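These notes concern the structure reproduced below.
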Amino acid sequence: QVHLVESGGGLVQAGGSLRLSCAASGLTFWSYTMGWFRQAPGKEREFVAAILWSGGNTDYTDSVKGRFTISRDNAKNTVYLQMNSLKPEDTAVYYCAADGGLIMTRTFNYWGRGTQVTVSS
């Protein structure tokens with residue numbers, strides 16, 4: 001059974017940084033594309049970033065390009081989201097996601113429970 005557990009959320013002032021982590025179990029992590037999504041109050045869940053199984057390719061939504069960086073450590077079964085220059089509009093619950101395909105995707109099959117990120121102005 002696939003388990004994805006996010007951590008690292010919290011309250012930060014605008015302009016600050018946070019690093020989210022997602023620990024994965026129950027899957028052959030090295031072969032999964034991993035992603036991050038977010039959902040703000042009253043809004044639909046939206047794609048944030050993804051990283052190919054090899055770490056050799058990444059994808060970002062336009063609003064976070066240049067500020068967020070997704071990375072992975074296949075030896076630790078963990079994916080990270082480094083978030084810099086945070087803005088109040090980044091406030092949301094952030095979800096980790098996994099997909100077993102060996103290609104880059106924005107469609108994922110497995111989900112964590114999320115971690116809250118709140119950016120104060």
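These figures come from a predicted structure and were not determined experimentally.
In this structure, Asp99 contributes its side chain and Gly35 its backbone to no donor-acceptor pair below 3.5 Å. For the pair Arg45 (side chain) and Gln39 (backbone), a donor-acceptor distance under 3.5 Å is absent. Listed for the Thr118 side chain is no donor-acceptor partner under 3.5 Å among the backbone atoms of Leu11.
The closest side-chain heavy-atom distance from Trp53 to Asn74 is not below 4.5 Å. Counting heavy atoms from C-beta on, the side chains of Gln116 and Thr91 come closer than 4.5 Å.
For Phe47 and Phe37, the ring centers are positioned less than 6.0 Å apart.
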- Task: Show your reasoning for whether side chain to side chain contact (heavy atoms under 4.5 Å, CB included) applies to Glu6 and Trp111.
- Result: CA-CA 10 Å; Glu6 304 94 337; Trp111 297 87; over 6 Å; no
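For Arg72 and Trp30, the positive end is not near the middle of the six-membered ring at less than 6.0 Å and at most 45° from its axis.
In terms of heavy atoms, Ser17 sits closest to Asn84 at OG-OD1, 2.9 Å. Ser121 approaches Ala14 most closely through the heavy-atom pair CA-CB, 4.4 Å. In terms of heavy atoms, Arg67 sits closest to Asp90 at NH1-OD2, 2.8 Å.
Note that SG of Cys96 and CZ of Arg113 are 14.0 Å apart. Values are rounded to the nearest 0.5 Å. Separation of atoms CG (Leu52) and CE (Met104) is listed at 5.0 Å; rounding is to 0.5 Å. Between the NE2 atom in His3 and the OG atom in Ser25 there is a gap of 6.0 Å [rounded to 0.5 Å].
In the model, Thr78 has no side-chain atom that pairs as donor or acceptor with a side-chain atom of Asp73 under 3.5 Å.
With salt bridges taken as basic N to acidic carboxylate O contacts below 4.0 Å, one links Lys65 and Asp62.
Take Glu46 and apply the side chain to side chain contact (heavy atoms under 4.5 Å, CB included) test, not counting sequence neighbours, and it matches Arg38.
With a 4.5 Å cut-off between side-chain heavy atoms of Ile, Leu, Val, Met, Phe, Trp and Tyr, the cluster of Tyr80 takes in none. If you chain together ILVMFWY residues whose side-chain heavy atoms come under 4.5 Å of each other, Leu27 ends up grouped with Val2, Leu4, Val12, Leu18, Leu20, Phe29, Tyr32, Met34, Trp36, Val48, Ile51, Tyr60, Val64, Phe68, Ile70, Val79, Leu81, Met83, Leu86, Tyr94, Tyr110, Val117, Val119.
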